[in-house]
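Have a look at the structure below, then the notes.
It should be emphasised that the depicted structure is a prediction, and the values quoted were computed from it without experimental measurement.
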Amino acid sequence: MRLSSCFMPTLKENPAEAQVTSHRLMLRAGLIRQTSAGIYIWLPLGLRVMRKIEQIVREEQDRTGALEILMPTIQPAELWQESGRYEAYGKEMLRITDRHDREMLYGPTNEEMITDLFRATVKSYKDLPLNMYHIQWKFRDEIRPRFGIMRGREFLMKDNYSFDIDGEAGRISYNKMYVAYLRTFARLGLVAIPVRADTGAIGGDLSHEFQILADTGESTLYYDKEIENFDLVSLTGDIDPTTIEKLQSLYAMEEEKHDAENCPVAPEDLRCAKGIEVGHIFFFGTKYSDAMNAKVTGPDGNLIPVEMGSYGVGVSRLVGALIEANHDDNGIIWPEAVAPYKVGLVNLRIKDDDCTAACDDLYQKLTTAGVEVLYDDRDMGAGGKFADMDLAGLPWQLIVGPRGLKNGVVELKNRRTGHREELSLSDAVNKLGA
RNA sequence: CGGGGAGUGGCGCAGCCUGGUAGCGCACCUGUUUUGGGUACAGGGGGUCGCAGGUUCAAAUCCUGUCUCCCCGACCA
């Protein structure tokens, strides 16, 4: 993508409304624009990052055998009246009336809807286990939206729902998701600690939150310091079951569940930290299947209420959380897996024909090699280009100017380490294309 | 919802106390200049001062109401 024809409205100064790092950088780097409290427009670069996160989440879901569907954002009130949550959810729920005066709502989650789908279609234990997910916008009318995208009212969430014949099978489904979440966050380059959590409004008895440690986090966690030695970021691909067992045996509790007096971890080994919740999984048994009469015929011919779990990942929140975990004073530092582009090609002298010819050629060669390049072909000073490129946080900057070209070299800068090296043009292409 | 703060060009702000024809920096446009970390000079465009009402010869400025946004808290994925 040529920057001259891209839409990346960067800001030199900090917007007054943004106090938190990720919020500030997202506005400054031109990833989002706010339209009202907790509601945002996603601009090209921000959207690209979110799509990449979404795709990683999707791949790890598909890998477990979960099936992707897409449920609507607008739901009928009846379903929620049936489960009892229409009243219980209170003002957080955005309620809408259609032209026929029918009560509708903008979905904050989809347990009712999928349970309704299930009971209408699945009749036999032979169709279990079943696990379906979707990646869809949600709306929760927060009392106080804050931290930019991280606590918005409208947000993109991956949520899935497991259906099993009994509690034992349900827990197997739950553990599958637990593992999928470890893999997902590892691929994103995030250390997300699974902590035991309260089940809250969703209900049930088994629940983990996946928390990224960050000072700006809203949750307080207590955990065994041993977890810090756990190499969570390398947990991609197939994960050894004993690793899971060991991880689950280590103490990690959300504040509400932490009991200082009965804590099995010695005080000197206990850590307390703030975390950003990026995933939450629940096993809640028959809470909704009982309320909504979702039953299947078992092997003995009798009707059995189905055992359910639900599992969420805050896809849009992850964009902010990733920035909280990956930035410096100059801007964002994207992990390669989610960077909007891999390389920023910086043409230092657009009016120099040789320089521009070299850049055009590099752009074409890299693009052909399948490398995602953001080519800064704007006619402006070098300082502004460097500043924008650091702000945007692409993993690599390929800097091309007349000075280096005279010696047949370009400069490759690693955004994260700041390390620079001079390379011939062909070496640069080979290195980035590898 | 309780407490605090703020709405003046795209962004950051001054002006308000003490009413008198709206200003600065950045950004933008034109030209010259400059060119490896936000170059310099000159010229230019853009704002019914959140909205509504009131006071006054006159309101960004004073009064009343209202909306919005931000921060702290409680709540929540």
Quiz prompt | Complementary nucleotide for A42(B) - Watson-Crick or wobble, under 3.5 Å | solution = U30(B)
Exercise. Could you check which of A74(B), G36(B), C71(B) has an atom nearest any side-chain atom of Phe386(A)?
Key: G36(B)
Exercise. Report the distance from atom CE of Met177(A) to atom C1' of A77(B), rounded to the nearest whole Å.
Key: 17 Å
Exercise. Take atom P in C69(B) and the same atom in C11(B), then report the distance between them in whole Å.
Key: 15 Å
Exercise. Starting at atom CG of Leu11(A), determine the distance to atom P of G25(B), rounded to an integer number of angstrom.
Key: 20 Å
Practice problem: Can you tell me, in whole Å, how much space there is between the P of G2(B) and that of U18(B)? | Solution: 31 Å
Quiz item: What is the nucleic acid contact for Glu142(A), judged by heavy atoms within less than 4.0 Å: base, sugar-phosphate only, or nothing?
Solution: base
Exercise. Quick one: label Asp159(A) by what it contacts on the DNA or RNA (base, sugar-phosphate, nothing), any heavy atom closer than 4.0 Å.
Key: nothing
Quiz item: Paired with U61(B): which nucleotide, if any, by Watson-Crick or G-U wobble criteria at under 3.5 Å for both distances?
Solution: none
Quiz item: If you measure from the C1' atom in C49(B) to the same atom in U8(B), how many Å do you get, rounded?
Solution: 4 Å
Practice problem: State whether the aromatic ring of Phe155(A) stacks on the base of A77(B), taking stacking to mean ring centres under 5.5 Å apart and ring planes under 30° to each other. | Solution: yes
Quiz item: Roughly how far apart, to the nearest Å, are A22(B) and G54(B) at atom C1'?
Solution: 23 Å
Quiz item: Considering only the P atoms, how many Å lie between C62(B) and C26(B), rounded to the nearest integer?
Solution: 30 Å
Practice problem: Give the rounded distance in Å between these two atoms: NE2 of His23(A) and P of C11(B). | Solution: 13 Å
Quiz item: So does Asp215(A) pair up with Lys274(A), basic N to acidic O under 4.0 Å?
Solution: no
Practice problem: Could you tell me how the ring of Tyr89(A) sits relative to the ring of Trp80(A): parallel (under 30°), tilted (30 to 60°) or perpendicular (over 60°)? | Solution: perpendicular
Quiz item: Ala387(A) near the nucleic acid: base, sugar-phosphate alone, or nothing, with a heavy-atom cut-off under 4.0 Å?
Solution: base
Practice problem: Between Ala16(A) and Lys91(A), just flag the one whose closest nucleotide in RNA chain B comes earlier from the 5' side. | Solution: Lys91(A)
Quiz item: For the side chain of Glu13(A), counting heavy atoms from C-beta on, which of G12(B), G36(B), A74(B) is nearest?
Solution: G12(B)
Quiz item: Donor-acceptor pair under 3.5 Å: do we get one between Asn14(A)'s side chain and the base of G12(B)?
Solution: no
Quiz item: Contact class for Glu17(A) vs. all strands (heavy atom < 4.0 Å): base, sugar-phosphate, or nothing?
Solution: sugar-phosphate
Quiz item: When the distance from CD of Glu422(A) to P of G36(B) is rounded to whole Å, what number comes out?
Solution: 15 Å
Exercise. Would you sort out whether Phe210(A) and Phe185(A) count as a ring-ring contact (aromatic ring centres under 6.0 Å, His included), showing the intermediate values?
Key: CA-CA 9 Å; Phe210(A) 289 77; Phe185(A) 297 124; 5.7 Å; yes
Self-check item: Nucleotide of G36(B), C70(B), A27(B) approaching Arg403(A) most closely (side-chain heavy atoms)
Solution: G36(B)
Quiz prompt | G37(B) to A42(B) separation - P atoms, rounded to the nearest Å | solution = 24 Å
Quiz item: Checking all strands, does Gly279(A) fall into the base, sugar-phosphate, or nothing category for heavy-atom contacts under 4.0 angstrom?
Solution: nothing
Quiz item: Rounded to whole angstrom units, what separation is found between the CE atom of Met93(A) and the P atom of A77(B)?
Solution: 13 Å
Quiz item: With a non-hydrogen cut-off below 4.0 angstrom, is Met380(A) in contact with a base, only sugar-phosphate, or nothing?
Solution: base
Practice problem: If C1(B) has a Watson-Crick or G-U wobble mate with both distances under 3.5 Å, name it; if not, just say none. | Solution: G73(B)
Quiz item: Now, which nucleotide makes the Watson-Crick or G-U wobble pair with A6(B), with each of the two distances under 3.5 Å?
Solution: U68(B)
Quiz item: When you compare G7(B) with G12(B), how far apart are their C1' atoms, in angstrom units rounded to a whole number?
Solution: 14 Å
Practice problem: Give one of base, sugar-phosphate or nothing for Gly90(A), where a contact means two heavy atoms less than 4.0 Å apart. | Solution: nothing
Exercise. Identify whether any heavy atom of Gly401(A) sits under 4.0 Å from a base atom; if not, whether one sits that close to sugar-phosphate; answer base, sugar-phosphate or nothing.
Key: base
Quiz item: Tyr181(A) and His208(A): side-chain donor and acceptor closer than 3.5 Å?
Solution: no
Practice problem: Would you indicate, yes or no, if C1(B) has its OP1 or OP2 atom less than 4.0 angstrom from a side-chain nitrogen or oxygen of Arg144(A)? | Solution: no
Exercise. Just call it for Gly383(A): base, sugar-phosphate, or nothing, with non-hydrogen atoms closer than 4.0 Å on any strand.
Key: sugar-phosphate
Quiz item: Does Arg271(A) count as lying over the ring of Tyr222(A), i.e. NZ or CZ under 6.0 Å from the six-ring centre, within 45 degrees of the axis?
Solution: no
Practice problem: Classify the side chain of Lys413(A) and the base of G37(B) as holding, or not holding, a donor-acceptor pair under 3.5 Å. | Solution: yes
Quiz item: Between C1(B), G38(B), C69(B), which nucleotide has the shortest distance from any of its atoms to the side chain of Ser36(A)?
Solution: C69(B)
Quiz item: Could you walk me through whether Phe284(A) and Tyr288(A) pass the ring-ring contact (aromatic ring centres under 6.0 Å, His included) check?
Solution: CA-CA 8 Å; Phe284(A) 46 73; Tyr288(A) 297 95; 5.1 Å; yes
Exercise. If the plane angle is over 60° it's perpendicular, under 30° parallel, otherwise tilted; pick one for Tyr40(A) and His23(A).
Key: perpendicular
Quiz item: Distance between the C1' atoms of A77(B) and C70(B), in whole angstroms?
Solution: 23 Å
Quiz item: Do the side-chain N and O atoms of Thr417(A) and Asn414(A) include a donor-acceptor pair separated by under 3.5 angstrom?
Solution: yes
Quiz item: Across the strands shown, which category fits Arg420(A) at heavy-atom distances under 4.0 angstrom: base, sugar-phosphate, nothing?
Solution: base
Quiz item: Tell me: CD1 of Ile350(A) to P of G36(B), nearest whole Å?
Solution: 16 Å
Self-check item: Distance in angstrom units between Arg153(A) CZ and U68(B) P, rounded
Solution: 10 Å
Practice problem: Could you let me know what C24(B) is paired to, Watson-Crick or G-U wobble, both distances under 3.5 Å, or none if it's on its own? | Solution: G12(B)
Quiz item: Relative to Tyr86(A), does Arg95(A) satisfy both conditions: NZ or CZ under 6.0 angstrom from the six-membered ring centre, and within 45 degrees of the ring's axis?
Solution: yes
Quiz item: Looking only at side-chain N and O atoms, does Gln34(A) come under 4.0 Å of OP1 or OP2 in C70(B)?
Solution: yes
Quiz prompt | Toward the 5' end of RNA chain B, by each residue's nearest nucleotide, Ala37(A) or Glu256(A) | solution = Ala37(A)
Quiz item: For Glu209(A), which contact category applies under a 4.0 Å heavy-atom criterion: base, sugar-phosphate, or nothing?
Solution: nothing
Exercise. Using whole Å, report how far CZ of Arg146(A) lies from P of C75(B).
Key: 11 Å
